[in-house]
Structure formats: structure tokens, C-alpha cells
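Reading through the C-alpha cells given below for one structure.
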Amino acid sequence: MKLGNQARVRLGTLPTPLHEAVRLREALGGSRRCPRILLKRDDLTGLAFGGNKVRKLEFLVADAISKGATCLVTAGAAQSNHARCTAAAAAMVGMRAALVLTTAVEPVASQGNVLLDRMLGAEVRFVPEGVDVDAELARSAAMLQEQGERPYVIPVGGSNAIGALGYVAATAELVDQLANSEERPSALYYASGSRGTQAGLVLGAKVFRAPYQVRGIAVSGGEPEKTTRATRIANEAATILGSSADVDPSELVTDQGYIGQGYGIPTDRGLEAMKLLARHEAVFLDPVYSSKAMAGLIDHIRQGALDPAETIVFLHTGGTPALFAHADAIEAALAQ
Ligand SMILES: *Cc1c(COP(=O)(O)O)cnc(C)c1O
């Protein structure tokens with residue numbers, strides 16, 4: 001295992017805190033109904049409002065530097081946290097950032113992540129939803145090459161084997177924190193999108209013998225292709241690390257029950273989870289990812305699917321700026 005000497009650029013403020021959500025447990029029925037919940041605060045990774053993409057970018061940007069890149073190119077939805085973090089990483093290491101952002105409606109409001117992308121100096125190109133994003137990424141890279149730049153293309157969500165190393169490293173950090181506080185959680189819940197986080201978490205759990213099962217709550221569809229791809233990413237990451245760990249698709253657990261109407265559309269249960277976490281823990285979940293994951297965890301607790309004697313880790317993956325792009329839906333939920 002050579003994670004220690006894997007090329008990495010320090011972008012985040014690590015380790016992130018791990019703390020118990022005591023008042024949330026009370027709100028969910030107390031110790032007779034609800035397991036202990038430990039919050040792993042990757043919303044606090046530090047760089048430009050934080051989130052899980054910062055960990056992936058520490059490895060991706062190191063790879064870009066080693067290849068002599070001058071510009072980071074990536075894609076996502078208009079309110080992509082990954083795009084914002086890529087723009088921030090580029091600013092940190094003195095590269096240009098070119099973002100291809102998909103949107104159903106133009107003009108796009110300069111709010112949340114879009115506003116931050118502009119402040120960070122990223123070059124943003126909006127394309128209609130449903131276009132071939134990989135082809136658009138290749139187009140952006142070709143345009144930059146014509147200008148004499150050396151573009152480094154990062155896939156949507158930073159989800160490839162190099163990006164997944166961020167969550168292998170995060171697992172080492174978490175397993176260490178758990179050992180130091182003598183915690184043995186049975187499960188780790190988190191929001192699952194493009195699945196690079198899943199690949200890293202599942203590989204990391206194997207490599208570092210984590211006590212918990214990794215349980216993703218999906219925020220978008222795409223099965224079974226996504227599980228196939230995440231398995232490949234996890235095994236490619238193992239190869240990079242010189243690890244003999246072998247990840248099987250059956251080890252990738254993703255609950256599809258909390259997506260609602262689709263990616264980026266807040267759900268009633270998610271909005272309820274946002275309100276609960278804000279009012280009992282002063283923690284802000286985001287409307288697109290972490291609120292749906294927490295809605296899944298809360299529902300599993302209410303169904304009695306989790307033993308109250310257990311301890312659960314909830315990985316808060318960030319997404320804070322999207323709060324402000326969904327202010328109307330949040331306000332409506334607060335009024336209820
Ligand atoms: C991208 C993202 C995720 C999902 O991570 P993937 O690696 O794409 O599955 C979860 N939460 C937030 C806030 C994100 O921005």
C-alpha cells in the first residue's frame with residue numbers, strides 16, 4: 001500500500017471533525033428508538049465551502065501538475081459542487097479552470113455555485129441538458145489546446161480511480177479517529193451520485209478493515225451501469241495503490257429509495273431532514289445530496305431497521321452553496 005507516497009496536493013483542512021449528533025438522536029426518539037449517530041464533517045474540508053470533491057481533487061490536481069497541465073477542465077450540472085471545487089483548486093495552484101455546465105433553462109441565475117465559479121475566475125460554458133458531456137469536454141480541451149494550453153480533463157464528479165483515492169485516504173483518517181475514540185460503528189451512510197466516493201469508501205473500508213458497512217443513498221438513477229463503473233474504479237484504484245484488495249459489485253450497496261423526482265429536485269423528506277439537522281445540530285445539509293442521504297437514514301431508523309444499540313456514521317459530503325440556489329423550496333418547507 002503506497003497511499004502515503006501517492007502524489008497529493010494539500011487543498012483541504014484535514015482531518016475533518018467527527019462528532020456525535022446528540023440532540024438529533026433525542027429528536028428521533030432517543031436511545032430506545034435511535035442509534036447513536038456520528039457526523040463525519042466533510043462539509044468542512046475547508047477549500048471554497050468544502051465538500052467531498054476537495055479530497056478527490058487533492059489527488060487529481062497532483063496528477064495534473066505531474067503531467068505539466070496548465071488548465072483544469074471539467075463538467076457538471078449548473079449547481080455542481082465538483083465544478084466549483086475544481087475552479088477553487090485551479091485558483092490555488094495557479095491554473096486556468098474551464099467548466100462545461102449543463103442547464104435546462106437559460107439564462108442561468110448567478111446564485112450558489114454558479115456565482116462562486118465566476119468569483120473564482122473560472123471560464124464557464126453552459127450547454128443544454130442532455131447533450132453528450134464527454135464530447136463537450138473534448139471540445140473545450142481542443143479549444144484550449146489551440147490557445148497553447150495543456151488541458152487536464154477531469155470526469156464528472158471527479159469520479160475516476162485517481163479521484164477515488166481521496167476517499168481511500170479519508171477512510172484511513174476516519175478509521176483512525178474511530179479507533180482513538182473507541183467507536184465501532186456498524187454502518188456508514190452517505191449520498192451517492194457519480195460513485196467515485198463509493199469506490200473510494202468501499203475500497204478504503206476493505207484495505208483499512210473498517211468496522212462498518214458502507215451504505216450509499218442514491219441521489220440519481222443510472223443502475224446497473226453505475227455499480228459496474230464504480231466497481232471498475234475501485235479496482236483500478238487498488239491497482240494504483242499496489243493493493244491486492246478485490247472489490248466485487250455485490251459489495252456496493254446503494255439504496256435507490258430516496259431519489260424522489262430526480263437529481264437536483266428537493267424531496268419533502270430531504271427538506272424535513274434539513275430542518276431537523278439545522279434546528280437540533282446547527283448543521284446545514286444541502287438540498288441535492290446530503291439531505292436525501294439523511295432522509296434515508298432517518299427513514300431506516302423510523303422503520304426500526306437499525307438497532308438502537310448500534311452506532312452509525314453519517315458522512316456529510318457538503319454542498320452548502322446549493323442551499324442558496326434552492327432558497328424558495330427551503331422557505332416553503334419551513335413555512336409548513
Ligand atoms: C458530488 C457530491 C456527492 C456524491 O459524490 P459522488 O462521488 O459523485 O458519488 C455527494 N454529496 C455532495 C454534496 C456532492 O457534491
Side-chain angles (χ1 to χ4, degrees), residues 12 16 39-45 47-57 59-60 74-89 101 112-113 116-117 133 154-171 188-204 214-223 225-227 229-231 233-234 237 252-256 258-259 263-264 266 270 273-274 277 283-297 314-326:
T16 57
L39 300 177
K40 176 61 173 163
R41 300 292 303 277
D42 275 11
D43 54 321
L44 302 178
T45 50
L47 178 69
F49 291 106
N52 63 337
K53 303 312 179 308
V54 175
R55 291 192 189 266
K56 299 180 180 188
L57 285 160
F59 292 94
L60 289 162
T74 199
Q79 282 299 330
S80 165
N81 299 305
H82 165 65
R84 177 247 313 162
C85 289
T86 301
L101 302 182
N113 284 304
L116 299 177
D117 295 340
V133 168
I154 300 175
V156 170
S159 288
N160 60 15
I162 294 170
L165 297 178
Y167 271 88
V168 178
T171 303
L188 177 146
Y189 280 70
Y190 74 100
S192 203
S194 63
R195 303 297 177 84
T197 303
Q198 179 175 52
L201 285 173
V202 172
L203 175 61
V214 176
R215 289 189 197 153
I217 304 289
V219 302
S220 50
E223 286 302 319
E225 291 80 5
K226 278 188 176 172
T227 292
R229 194 159 54 89
T231 306
I233 291 171
L252 304 190
V253 177
T254 321
D255 188 331
Q256 306 286 318
Y258 303 92
I259 300 170
Y263 175 77
M274 289 177 75
L277 267 283
V283 167
F284 298 113
L285 299 175
D286 79 287
V288 180
Y289 293 94
S290 54
S291 62
K292 291 184 181 179
M294 183 56 87
L297 172 56
F314 179 81
L315 171 65
H316 188 335
T317 45
T320 313
L323 276 175
F324 305 102
H326 290 270

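Start at 1 and go down the list; that is how both ligands and their atoms are numbered.
- Taken to the nearest 0.5 Å, the CG atom of Leu315 stands 13.5 Å off from the OH atom of Tyr189.
- A donor-acceptor contact shorter than 3.5 Å links the side chain of Arg84 to the backbone of Gly50.
- Within 4.0 Å of ligand 1, protein heavy atoms come from Asn52, Lys53, Lys56, Asn81, Ser159, Ala191, Ser192, Gly193, Ser194, Arg195, Gly196, Thr197, Tyr289, Thr317, Gly318, Gly319.
- Screening residues 315-324 for side-chain hydrogen bond (donor to acceptor under 3.5 Å, both in side chains), with sequence neighbours left out, gives no hits.
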Which is it for Lys40 and Thr16 under the side chain to side chain donor-acceptor pair (under 3.5 Å) test, yes or no, and what are the steps along the way? CA-CA 7 Å; Lys40 176 61 173 163; Thr16 57; 2.8 Å; yes
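- Panel note: side chain Ser291, backbone Asp286; a donor-acceptor pair is recorded below 3.5 Å.
- Not a single donor-acceptor pair under 3.5 Å links the side chain of Lys292 to the backbone N or O of Gly270.
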